[in-house]
Asks: 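Okay, handing you the structure first.
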Amino acid sequence: MPELPEVETVVRNLRPVLVGREITGFEAAWPKVTAPTAPATFARQVVGRAIKDVRRRGKYILLDLDRGHVHLHLRMTGHLFVIRPGEAMPDQQIRAWFGLSGGIRLLFRDQRKFGRIGYLADLAPLEARLGPEPLAAKFTAALLAGMLAQRRRQIKPLLMDQSFIAGLGNIYVDEALFAAGIHPQAEAETIPAGKVKALHRAIRRLLRRAIEHQGTTFSNFRFGRNESGRFRDQLKVFGREDQPCFVCGTALAKTRVAQRGTHWCPRCQAP
DNA sequence: CAGAGCACCTGTGGGC
DNA sequence: TGCCCACAGGTGCTCT
């Protein structure tokens, strides 16, 4: 479900509410939510700690504590939101919750149970598995061109690989490849320089605009008090199979690339 | 290194 | 109507 813009939206929503609070408790209704660590072990690591900052790295939500860090990953259907003192647990699917000072609770709802919560004293092992932030100043067109050189992988699965670039997922990769006129199965190193430049521009523009629109809600992305993102109206190919391409009018295609549903224009993104 | 297949889970929608 | 299958915005593992 959530890619970089959706995770960023969640973080911006939670930061003002969480920063400065102390973690007073942790409960897991679904024990694997903290896998491979047992919930009781995780609770011992974080209870009593203060939240100094809330931020995003790739698709991870990080709570920087006065000692160590909590990392949360929403995977496909995770939601993270706060309820006020005395407010009842909303429904089923609450896999875990944190008690916080002031009587508020931070709830983790997750239909498919893929989401994970963990603790790291040091973030180095997480950093080691993540590529650059696509919105960072350091992520230049020249850097991307260098990263693509000598890579013979298909461009779509390469862009979705979090150790290559952190934060892109199925929606924004399909949208970026369309914007740049690149076939999703193009071999990375063969993409002409002009299109690499267009891809770089498209990735950054799409992510920025999606964040402004508070992400894309398809079926179940929600943040805050059950709010949905508005970027869905801006999508050019994702979820538009069989409909006319906005640029050339050709019927958009949906195929499988690396086991993922892939939306593209057979004409604008001809092989 | 690259790619396929499958595992992890639950729910929904389409086709028959 | 009801059943079954495919599919879902993610990731990690094994195997070739």
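Chain A is the first sequence line, chain B the second, and so forth, proteins listed ahead of strands; every chain is numbered from 1.
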Asks: For A:Lys156, enumerate each residue passing the salt bridge (Lys or Arg N to Asp or Glu O under 4.0 Å) test, keeping only those at least two apart in sequence or located in another chain.
Replies: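 A:Lys156: salt bridge (Lys or Arg N to Asp or Glu O under 4.0 Å) contacts with A:Asp174.
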Asks: Once ring-ring contact (aromatic ring centres under 6.0 Å, His included) is applied, what residue pairs with a partner in residues 234-262 of chain A remain, sequence neighbours excluded?
Replies: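 Non-adjacent pairs meeting ring-ring contact (aromatic ring centres under 6.0 Å, His included): A:Phe218-A:Phe238, A:Phe238-A:His263.
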Asks: Using side chain to side chain contact (heavy atoms under 4.5 Å, CB included) as the criterion, list what pairs up with A:Glu133, not counting sequence neighbours.
Replies: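 Applying side chain to side chain contact (heavy atoms under 4.5 Å, CB included) to A:Glu133 gives A:Leu4, A:Arg56, A:Arg57, A:Ala136, A:Ala166.
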Asks: Decide yes or no on side chain to side chain donor-acceptor pair (under 3.5 Å) for A:Thr41 and A:Tyr119, but give the supporting numbers first.
Replies: CA-CA 10 Å; A:Thr41 306; A:Tyr119 171 84; over 6 Å; no
Asks: Which nucleotide wins on minimum distance to the side chain of A:Glu3, given the candidates C:dG9, C:dT11, C:dC7?
Replies: C:dG9
Asks: Which whole number of Å gives the distance between the P atom of C:dT1 and that of B:dT10?
Replies: 28 Å
Asks: Does any residue of residues 148-159 of chain A have a heavy atom under 4.0 Å from DNA chain B, and if so, which ones, in number order?
Replies: A:Arg151, A:Arg152, A:Arg153, A:Gln154
Asks: Listed by chain and number, what are the side chain to side chain contact (heavy atoms under 4.5 Å, CB included) partners of A:Leu120, not counting sequence neighbours?
Replies: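 A:Leu120 satisfies side chain to side chain contact (heavy atoms under 4.5 Å, CB included) with A:His71, A:Leu123, A:Pro125, A:Leu126 only.
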Asks: Test of understanding: with ring-ring contact (aromatic ring centres under 6.0 Å, His included), list the residues that count as partners of A:His73, not counting sequence neighbours.
Replies: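 With sequence neighbours excluded, A:His73 shows a ring-ring contact (aromatic ring centres under 6.0 Å, His included) to A:Tyr60, given in chain and number order.
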Asks: Sort me out a list of protein N/O and nucleotides 13-16 of chain B N/O pairs below 3.5 Å, or just none if empty.
Replies:
none

Asks: Which pairs pass ring-ring contact (aromatic ring centres under 6.0 Å, His included) with one or both residues in residues 124-161 of chain A, sequence neighbours excluded?
Replies: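 Checked against ring-ring contact (aromatic ring centres under 6.0 Å, His included) - neighbours excluded - the pairs reaching residues 124-161 of chain A are A:Phe139-A:His200.
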Asks: Give a yes or no on whether a salt bridge exists between A:Arg12 and A:Glu8, defined as a side-chain N under 4.0 angstrom from a carboxylate O.
Replies: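 Yes.
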Asks: Between which residue ranges does DNA chain C form stems of three or more consecutive Watson-Crick or G-U wobble pairs, both distances under 3.5 Å?
Replies: B:2-8 with C:10-16, B:10-16 with C:2-8
Asks: Output one letter per nucleotide in nucleotides 6-11 of chain B: B when a protein non-hydrogen atom lies under 4.0 Å from the base, S when only the sugar-phosphate is that close, - when neither is.
Replies: --BBBS
Asks: Any base atoms under 4.0 Å from A:Arg256, or only sugar-phosphate, or nothing? Heavy atoms, all strands.
Replies: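 The answer is sugar-phosphate, as A:Arg256 gets under 4.0 Å only of primed atoms, P, OP1 or OP2.
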Asks: Which value, rounded to the nearest 0.5 Å, describes the distance between A:Arg129 atom CZ and A:Ser163 atom OG?
Replies: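 That separation rounds to 10.0 Å.
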Asks: Which residues in residues 173-193 of chain A have a heavy atom closer than 4.0 Å to any atom of DNA chain C?
Replies: none
Asks: Got a sec, which hydrophobics cluster with A:Leu107, joining ILVMFWY side chains under 4.5 Å apart, including via others?
Replies: A:Phe81, A:Ile83, A:Met89, A:Ile94, A:Trp97
Asks: Between A:Gln214 and A:Arg230, do the side chains contain an N or O donor and an N or O acceptor separated by less than 3.5 Å?
Replies: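 Result is yes, a qualifying pair exists.
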